[in-house]
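Notes follow once the structure below has been shown.
A quick note: this is a predicted structure, and the numbers were derived from the prediction, not measured. Convention: sequence-line order gives letters A, B, ...; per-chain numbering from 1. Any value given below was found using the heavy atoms of this structure, including those in side chains, with hydrogens, waters and symmetry copies removed.
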There are 2 protein chains.
Amino acid sequence: MTQKAPRKQHLIDTAFRLFNERGYHATGIDLILAEAGVSKATLYKHFASKEALILAVLEQRHRQLLEALQQQLDSDPRPQGVLAVFDMLDSWFQTVEFFGCNFIRASGEYSAPEDTIHRFAGAHKTKMGRLLEMHLRPHCPEQSSQIANDLMLLVDGAIVTAQMRQAKDAAKRARMIAQALLLEARCTD
Amino acid sequence: MTQKAPRKQHLIDTAFRLFNERGYHATGIDLILAEAGVSKATLYKHFASKEALILAVLEQRHRQLLEALQQQLDSDPRPQGVLAVFDMLDSWFQTVEFFGCNFIRASGEYSAPEDTIHRFAGAHKTKMGRLLEMHLRPHCPEQSSQIANDLMLLVDGAIVTAQMRQAKDAAKRARMIAQALLLEARCTD
DNA sequence: ACTCTAGTAGACAGATCTGTTCACGTCAAC
DNA sequence: GTTGACGTGAACAGATCTGTCTACTAGAGT
């Protein structure tokens with residue numbers, strides 16, 4: 001070992017994969033270390049605790065998703081550009097690494113509303129919704145907030161449906177509903 | 001102790017409450033026993049394992065929800081009678097014991113698709129959807145299946161939204177979307 | 001009275017969990 | 001070449017986990 005690659009990042013990536021495959025409580029530190037080929041002392045040099053590692057994983061994923069969504073939205077300024085979020089979901093659902101949403105599952109495992117992890121997961125959803133709202137605001141300022149919330153509800157519904165019932169078409173269905181929603185709100189061009 | 005009340009049922013009820021409050025992995029057998037005031041030998045007389053206890057909890061909840069929904073549906077045979085499911089969600093969200101859906105969270109913690117718990121949780125959602133479909137079928141036989149699936153997607157989206165962001169209005173929003181969906185499908189009277 | 005059932009408390013096994021610590025290795029920069 | 005940063009492996013502590021087992025007790029039915 002002793003490769004040049006930064007251990008910290010490698011730990012985050014490995015933990016991300018294992019948390020996805022197995023869940024948070026069910027994934028022990030030792031397994032992460034074994035799969036990453038990193039010693040325990042190194043992990044605790046970079047992260048104060050398992051909770052800190054979980055938060056680092058969620059933070060990275062949060063940044064990735066936020067950036068990816070923003071990029072999609074920028075490429076289509078029309079109101080219906082927000083539907084891109086469902087296309088992103090759709091391709092995600094087709095992958096073999098799909099085990100549901102990190103944030104939904106984290107929120108479920110750390111269920112106390114005041115828990116740091118629970119709140120971070122909720123904040124992620126809120127921020128994703130805010131991106132959608134910002135995109136819609138110029139076109140329908142009075143309804144943008146509500147529509148954005150409804151879209152996020154559809155996003156989460158699609159994720160859970162795909163996760164629980166292997167319904168790989170859930171994103172396409174949610175997209176249809178969302179399209180009707182925009183149309184009905186007359187928030188189109 | 002040594003009350004007449006059946007220990008088995010009491011264990012299921014206690015486990016149900018604790019699993020809700022804390023999650024499945026995070027709730028140890030010992031805590032359930034202490035809270036229920038029941039000895040460990042008794043638990044393992046009634047249940048082969050913790051997994052069996054979890055399944056018993058989910059089975060009971062499944063029966064309760066199925067029955068409650070069926071009752072609501074029977075009381076309003078109109079197509080829009082299905083919207084009752086969102087009214088049920090709404091009153092659930094207002095309670096202090098709301099910690100999200102047992103089945104969604106179980107599906108997240110036991111994420112392997114072939115896991116017994118995971119599959120049971122998925123089957124629950126499927127059966128709930130089937131109830132909605134049966135209700136709609138007489139009114140719009142061609143679309144009843146798809147509409148029912150869409151409604152379940154909205155149900156799950158509302159639950160996750162309420163759980164992650166304490167959005168107590170999620171059920172009302174989902175109901176609005178569902179209503180528009182029925183209207184658009186011309187599945188009303 | 002006797003027996004059967006259902007329960008108790010609690011010790012125990014063995015695994016696994018997070019987190020700490022320590023002695024040692026490697027390698028690049030200066 | 002020496003230093004210092006970074007990492008390793010492994011032992012260890014202490015908690016907690018599921019599940020088993022034994023010895024005992026209370027009560028109900030016959």
Roughly how many Å is it from [atom1] in [X] to [atom2] in [N], rounded to a whole number?
X: B:Leu31; N: D:dA15; atom1: CG; atom2: C1'; answer: 15 Å
X: B:Lys45; N: C:dA9; atom1: NZ; atom2: P; answer: 14 Å
X: B:Lys8; N: C:dT5; atom1: NZ; atom2: P; answer: 18 Å
X: A:Ile32; N: C:dC17; atom1: CD1; atom2: P; answer: 10 Å
X: A:Leu43; N: D:dG9; atom1: CG; atom2: P; answer: 14 Å
X: B:Leu11; N: C:dT8; atom1: CG; atom2: P; answer: 9 Å
X: A:His10; N: D:dG7; atom1: NE2; atom2: P; answer: 13 Å

Can you tell me if [X] and [Y] form a side-chain donor-acceptor pair at under 3.5 Å?
X: A:Arg105; Y: A:Gln163; result: no
X: A:Gln9; Y: A:Asp13; result: yes
X: A:Glu21; Y: B:Ser111; result: no

Using the salt bridge (charged side-chain N to carboxylate O under 4.0 Å, His left out) criterion, which residues pair with A:Arg137? Sequence neighbours excluded.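 So A:Arg137 forms a salt bridge (charged side-chain N to carboxylate O under 4.0 Å, His left out) with A:Glu133.
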> If only side-chain N and O atoms of B:His46 are considered, is one of them under 4.0 Å from the OP1 or OP2 phosphate oxygen of C:dA6?
Replying inline: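 So the side-chain polar atoms of B:His46 never come under 4.0 Å of the phosphate oxygens OP1 or OP2 of C:dA6.
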Review point. Given D:dT8, is OP1 or OP2 found less than 4.0 Å from the side-chain N or O atoms of A:Thr42?
Key: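 For D:dT8, OP1 or OP2 has a side-chain N or O of A:Thr42 closer than 4.0 Å.
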CZ-CG distance between A:Phe98 and A:Leu89, expressed to the nearest 0.5 angstrom: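 The CG atom of A:Leu89 is 8.0 Å from CZ of A:Phe98, to the nearest 0.5 Å.
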Checklist entry - In Å and rounded to the nearest 0.5 Å, what is the CH2 to CG distance from A:Trp92 to A:Leu65? => result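 Reported to 0.5 Å precision, the distance equals 7.0 Å.
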Report yes if the distance between the aromatic ring centroids of A:His124 and A:Phe103 is under 6.0 Å, otherwise no.
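Here the rings of A:Phe103 and A:His124 have centres that are less than 6.0 Å from each other.
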Protein-proximity profile, nucleotides 18-23 of chain C, B/S/- by nucleotide at the 4.0 Å heavy-atom cutoff, equals BBBB--
- Which residue pairs satisfy the salt bridge (Lys or Arg N to Asp or Glu O under 4.0 Å) criterion with at least one member in residues 78-95 of chain A, sequence neighbours excluded?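 Qualifying pairs: A:Asp76-A:Arg78, A:Asp87-A:Arg175, A:Asp90-A:Lys172.
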message: Are B:Val85 and B:Leu73 packed together at the side-chain level, in the sense that at least one heavy-atom pair is separated by less than 4.5 angstrom?
response: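 No, side chains not in contact.
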Q. With a 4.5 Å limit on heavy-atom distance, are the side chains of B:Gln146 and A:Arg173 in contact?
A.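 A side-chain contact under 4.5 Å exists here.
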Is there a residue in residues 114-121 of chain A whose heavy atoms reach under 4.0 Å of DNA chain D, and which residues are they?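 Heavy-atom contacts with DNA chain D come from no residue of residues 114-121 of chain A; none.
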Would you list the atom pairs, donor with acceptor, under 3.5 Å between side chains in residues 24-36 of chain B and any protein atom, with sequence neighbours excluded?
residue, atom, partner, partner atom, Å
B:Tyr24, OH, B:Asn102, O, 3.0
B:His25, ND1, B:Glu109, OE1, 2.6
B:Thr27, OG1, B:Leu18, O, 3.4
B:Thr27, OG1, B:Gly23, O, 2.6
B:Asp30, OD1, B:Lys40, NZ, 3.1
B:Glu35, OE1, B:Arg17, NH1, 3.4
B:Glu35, OE1, B:Arg17, NH2, 2.7

Report task. Estimate the overall bend of the helix from C:dA1-D:dT30 to C:dC30-D:dG1 from the end axes over five pairs each, rounded to 10 degrees. Result ->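 Nearest ten degrees gives 0° for this helix.
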